[in-house]
Amino acid sequence: MLIDHYHTVRQHSLRLAEPLSDEDCGAQSMPDASPVKWHLAHTTWFFETFILESMEAGFAPFHPAFRVLFNSYYNGVGEKHPRAQRGLLTRPGMAQVRAYRANVDARIARLLAGELARDARERLTMLLALGLEHEQQHQELLLTDVKHLLAQSALFPAYLDKVDSAAPPARHAAQPTAWLAFDGGLAQIGHAGDGFCFDNELPRHPQYVAPFELASALVTNGEFLAFIEAGGYRTAHWWLAEGWDWGRTQQLTCPLYWQCDEAGHWLEFTLFGLRPLDPQAPATHLSLFEADAYAHWAGARLPTEAEWEVAAQGIDMQVGQLHPAAGASGTGLRQMFGHCWQWTSSSYAPYPGYRTAPGALGEYNGKFMLNQYVLRGSSCATPAGHARASYRNFFPAGARWQFSGIRLARQVE
């Protein structure tokens, strides 16, 4: 039932916050990240603003100021608290945010249980589906934002103290990466079927794809370390001009969360704390600039999003467990889902025939179709049931705090 799914998703957000202190939940490590408290309140704001406000008889907001405090980017709704200052919101506290969630959940349940006209019931169902997918997006963001926050401390505190408590990813015997060929041709791209999709996955449309090859697995830490040791961060030849300037300005020498100790051993900060770098695990938290530079150094390129989607058809979805798994079992394409989002060379742009939805909800995706690149798949932080082959994630080329990795492609000669 829809109400059961609603409560399952909403409770999962609260469970993600359980290992954290109230101090953890209120801090913001950078403008691109948000406090846990804000994520929990904003996802609740979504249901209150887009469902209860228009459909609940005698609607009254839980708190009038929350309309501004927890609006993210919806200009059609009204004023917004500045994104970079979300960490300054010491009030409301976590207790009041939890009360806000409980209040809105109870009102949504009453609305679902009540009598509604058919068109109102259909609209409610559509908005709930969108709101729950939106909350699942924020569940992943909550984890990546927490990781960035905890990494700022010299204590390198773990989100979860014991790997055992999180059922760590199973290790598999390492298998060599192979090149897998795809014939290409005229392919149908975009979401198909009756299941949920975001508007940026539509309309489904034909697109020609030339014959190509994809690497069977993601680039590993060990492989990326070879790029570093070969002077990858010091050699402009491999980099896009903007990427070279970006890296030099920040004096980058390795991926985010990597560090080399005094003995020359590489370590990686994870949601389980600081750990020795696993050479067999997928390299992650890489920008498009770093992914593209590695691909050129390796004599390959990044796939287009159409190539990635063609290759991903029929592949089983995997659920991640908070860190990309080392090794991969099976044959064919591996690690397509549940490990790292995979950069493509495709700019985030509308599909042919795309139309922005009317009203404030039309701001969900369309207005961001500029200066972003598409990532495909899902990550170890993506919640169960949220991934699909047509899903279009997108970030600026310099974004590194998401679980983003590299799958190589090359043209068939």
Side-chain angles (χ1 to χ4, degrees), residues 9 13 25-54 61-89 92 97 100-101 104 126-146 148-149 196-202 341 347-351 354-375 381-382 386 391-402 404:
V9 172
S13 298
C25 292
Q28 180 179 19
S29 57
M30 63 172 174
D32 284 337
S34 296
V36 169
K37 182 173 64 176
W38 189 91
H39 285 296
L40 296 176
H42 167 70
T43 50
T44 304
W45 171 95
F46 190 97
F47 291 107
E48 182 181 50
T49 302
F50 292 118
I51 296 179
L52 294 178
E53 185 170 320
S54 62
F62 179 84
H63 193 300
F66 286 9
R67 185 179 180 87
V68 173
L69 291 181
F70 301 120
N71 182 4
S72 55
Y73 52 72
Y74 296 93
N75 295 314
V77 171
E79 295 300 317
K80 307 175 294 295
H81 183 81
R83 180 175 182 175
Q85 297 177 20
R86 291 170 183 170
L88 300 180
L89 298 175
V97 168
Y100 179 37
R101 290 180 66 90
V104 168
M126 180 275 291
L127 290 172
L128 281 173
L130 177 60
L132 292 173
E133 293 283 335
H134 167 259
E135 180 135 358
Q136 288 184 308
Q137 288 182 316
H138 277 271
Q139 289 167 354
E140 181 164 0
L141 288 168
L142 184 154
L143 289 170
T144 52
D145 291 357
V146 162
H148 191 270
L149 172 69
F196 177 88
C197 73
F198 290 111
D199 62 357
N200 64 0
E201 300 172 53
L202 296 172
W341 288 101
S347 296
Y348 180 51
Y351 284 159
Y354 171 81
R355 296 185 187 279
T356 303
L361 283 174
E363 300 183 53
Y364 200 107
N365 282 307
K367 72 179 186 181
F368 298 109
M369 292 177 173
L370 179 69
N371 297 331
Q372 315 259 4
Y373 278 80
V374 175
L375 300 97
T382 305
H386 192 62
Y391 196 115
R392 304 177 78 201
N393 203 351
F394 56 92
F395 281 100
R400 301 210 296 169
W401 87 105
Q402 293 302 313
S404 47

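By convention here, the first residue in the shown sequence is residue 1. Given the structure is predicted, the values throughout are model-derived calculations rather than measurements. What you see below is based on every heavy atom in this structure, not just the backbone, and it leaves out hydrogens, waters and symmetry mates.
Distance check: Tyr348 OH to Asn200 CG gives 3.5 Å after rounding to the nearest 0.5 Å. Considering CH2 of Trp341 and CG of Asn393, their distance stands at 4.5 Å, rounded to 0.5 Å. Note that CG of Leu128 is 10.0 Å distant from CZ of Phe46, once rounded to the nearest 0.5 Å. In this structure, the separation between CD on Gln137 and OG1 on Thr382 is 10.0 Å, given to the nearest 0.5 Å. Residue Phe70 holds its CZ atom at 10.5 Å from CD of Glu48, rounded to the nearest 0.5 Å. Note that NE2 of His81 and CG of Leu88 are 6.0 Å apart. Values are rounded to the nearest 0.5 Å.
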Which is it for Glu53 and Arg67 under the side chain to side chain contact (heavy atoms under 4.5 Å, CB included) test, yes or no, and what are the steps along the way? CA-CA 11 Å; Glu53 185 170 320; Arg67 185 179 180 87; 2.5 Å; yes
Run the numbers on His148 and Ser29 for side chain to side chain donor-acceptor pair (under 3.5 Å), then give the verdict. CA-CA 7 Å; His148 191 270; Ser29 57; 2.7 Å; yes
Checking side chain to side chain contact (heavy atoms under 4.5 Å, CB included) for the pair Phe198/Glu133: CA distance, chi angles, key distance, verdict? CA-CA 9 Å; Phe198 290 111; Glu133 293 283 335; 3.7 Å; yes
List the steps, then state whether side chain to side chain contact (heavy atoms under 4.5 Å, CB included) holds for Gln139 with Val9. CA-CA 9 Å; Gln139 289 167 354; Val9 172; 3.7 Å; yes
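Val77 is listed as a side-chain neighbour of Trp45, based on a closest heavy-atom distance under 4.5 Å. In this structure, His63 and Leu69 have side chains that are not in contact, with every pair of non-hydrogen atoms separated by 4.5 Å or more. Between Phe47 and Leu127, every side-chain heavy-atom pair lies at or beyond the 4.5 Å cut-off. Considering only heavy atoms from C-beta on, Leu130 comes within 4.5 Å of Tyr364 through its side chain.
Minimum interatomic distance between Trp38 and Asn71 (heavy atoms only, all atoms of both residues): CZ2-O, 4.1 Å. In terms of heavy atoms, Arg83 sits closest to Asp32 at NH2-O, 3.0 Å. Nearest heavy-atom pair, Arg86 versus Ser34, reported as atom, atom and distance to 0.1 Å: NH1-OG, 2.7 Å. Here the shortest heavy-atom pairing between Pro31 and Ala84 reads CB-CB, 4.0 Å. Between Leu202 and Tyr354 the shortest heavy-atom distance is O-CD1, 3.6 Å. Nearest heavy-atom pair, Ala27 versus Leu149, reported as atom, atom and distance to 0.1 Å: CB-CD1, 3.7 Å.
If you look at His134 and His42, their ring centroids are closer than 6.0 Å.
A side-chain donor-acceptor contact under 3.5 Å links Lys37 to the backbone of Pro92. A donor-acceptor pair under 3.5 Å is formed between the side chain of Thr44 and the backbone N or O of Leu40.
A salt bridge is absent between Lys80 and Glu363: the closest approach of a Lys/Arg side-chain nitrogen to an acidic carboxylate oxygen does not fall below 4.0 angstrom.
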